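Values below: every heavy atom of this structure, side chains too, minus hydrogens, waters and symmetry copies. Remember, it's a predicted structure, so these values are computed and weren't measured experimentally.
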Amino acid sequence: MDKTLEGFIGSYLHLEVAYEGLADTRDVLKTFSGDAVESLKQNFAQLIASRELSALDYGYLTQMEFESDQALYAYLQDVYDFLFNSAQKEPEPPPYG
């Protein structure tokens, strides 16, 4: 996985942020340069396509637990759509605890 994307996930998609909502994360992206946003978007799409990150590894980055890789990638697709495709509905993180 791209190190910039890994850092973005660890900083802006971690447990506390996910349960508070990702609207602030979407607002933060507006402060990034166009090239930085495009790079994140491409790398995020590549991550979804390749499924190279396991639910366990995502948990290490974010402290969020998913019951399966399938559940993780359904969530990540919703995150991608919310952050980069202007989806109105915020992604729902997995139940906590």
Side-chain heavy atoms of [X] within contact of [Y], under 4.5 Å:
{"X": "S39", "Y": "T4", "value": "no"}
{"X": "E65", "Y": "P94", "value": "no"}
{"X": "L47", "Y": "Y73", "value": "yes"}
{"X": "H14", "Y": "L61", "value": "no"}

Output, in order, the C-alpha distance, side-chain angles, deciding distance and verdict of side chain to side chain contact (heavy atoms under 4.5 Å, CB included) for D78 and F82. CA-CA 6 Å; D78 289 345; F82 183 74; over 6 Å; no
Can you confirm whether more than 12 heavy atoms, excluding those of [X], are under 6.0 Å from its [atom1] atom?
{"X": "E92", "atom1": "CD", "answer": "no"}
{"X": "E67", "atom1": "CD", "answer": "no"}
{"X": "Y60", "atom1": "OH", "answer": "no"}

Apply ring pair (Phe, Tyr, Trp, His ring centres under 6.0 Å) to Y75 and list each qualifying residue two or more places apart in sequence or on a separate chain. F66
Report yes or no: do L15 and L72 belong to one cluster of Ile/Leu/Val/Met/Phe/Trp/Tyr joined by side chain heavy-atom distances under 4.5 Å? yes
When clusters are formed by joining ILVMFWY residues with side-chain heavy atoms under 4.5 Å apart, either directly or through shared neighbours, do I9 and L56 land in the same one? no
Side chain to side chain contact (heavy atoms under 4.5 Å, CB included) test vs V17 passes for just one of V28, T25, T62, namely T25
Search all heavy atoms of [X] against all heavy atoms of [Y] and return the closest pair with its distance.
{"X": "A87", "Y": "R26", "value": "O-NH1, 3.0 Å"}
{"X": "R51", "Y": "Q70", "value": "NH1-CA, 4.2 Å"}
{"X": "G21", "Y": "E90", "value": "CA-OE1, 3.0 Å"}
{"X": "L83", "Y": "L13", "value": "CD1-CD2, 4.2 Å"}
{"X": "A18", "Y": "P93", "value": "O-CG, 3.7 Å"}

Polar side-chain atom of N43 near backbone of L5 as donor-acceptor pair, under 3.5 Å: no
Does M1 offer a backbone N or O that forms a donor-acceptor pair with the side chain of E52 under 3.5 Å? yes
Using the side chain to side chain donor-acceptor pair (under 3.5 Å) rule, take Q42 and Q46 through it: C-alpha gap first, then chi angles, then the decisive distance, then the call. CA-CA 6 Å; Q42 288 177 0; Q46 175 60 33; over 6 Å; no
Point-to-point distance, once rounded to the nearest 0.5 Å, from OH of Y58 to CG of L76: 5.0 Å
Rounded to the nearest 0.5 angstrom, the CZ-CD distance for F44 and Q77 is 8.5 Å
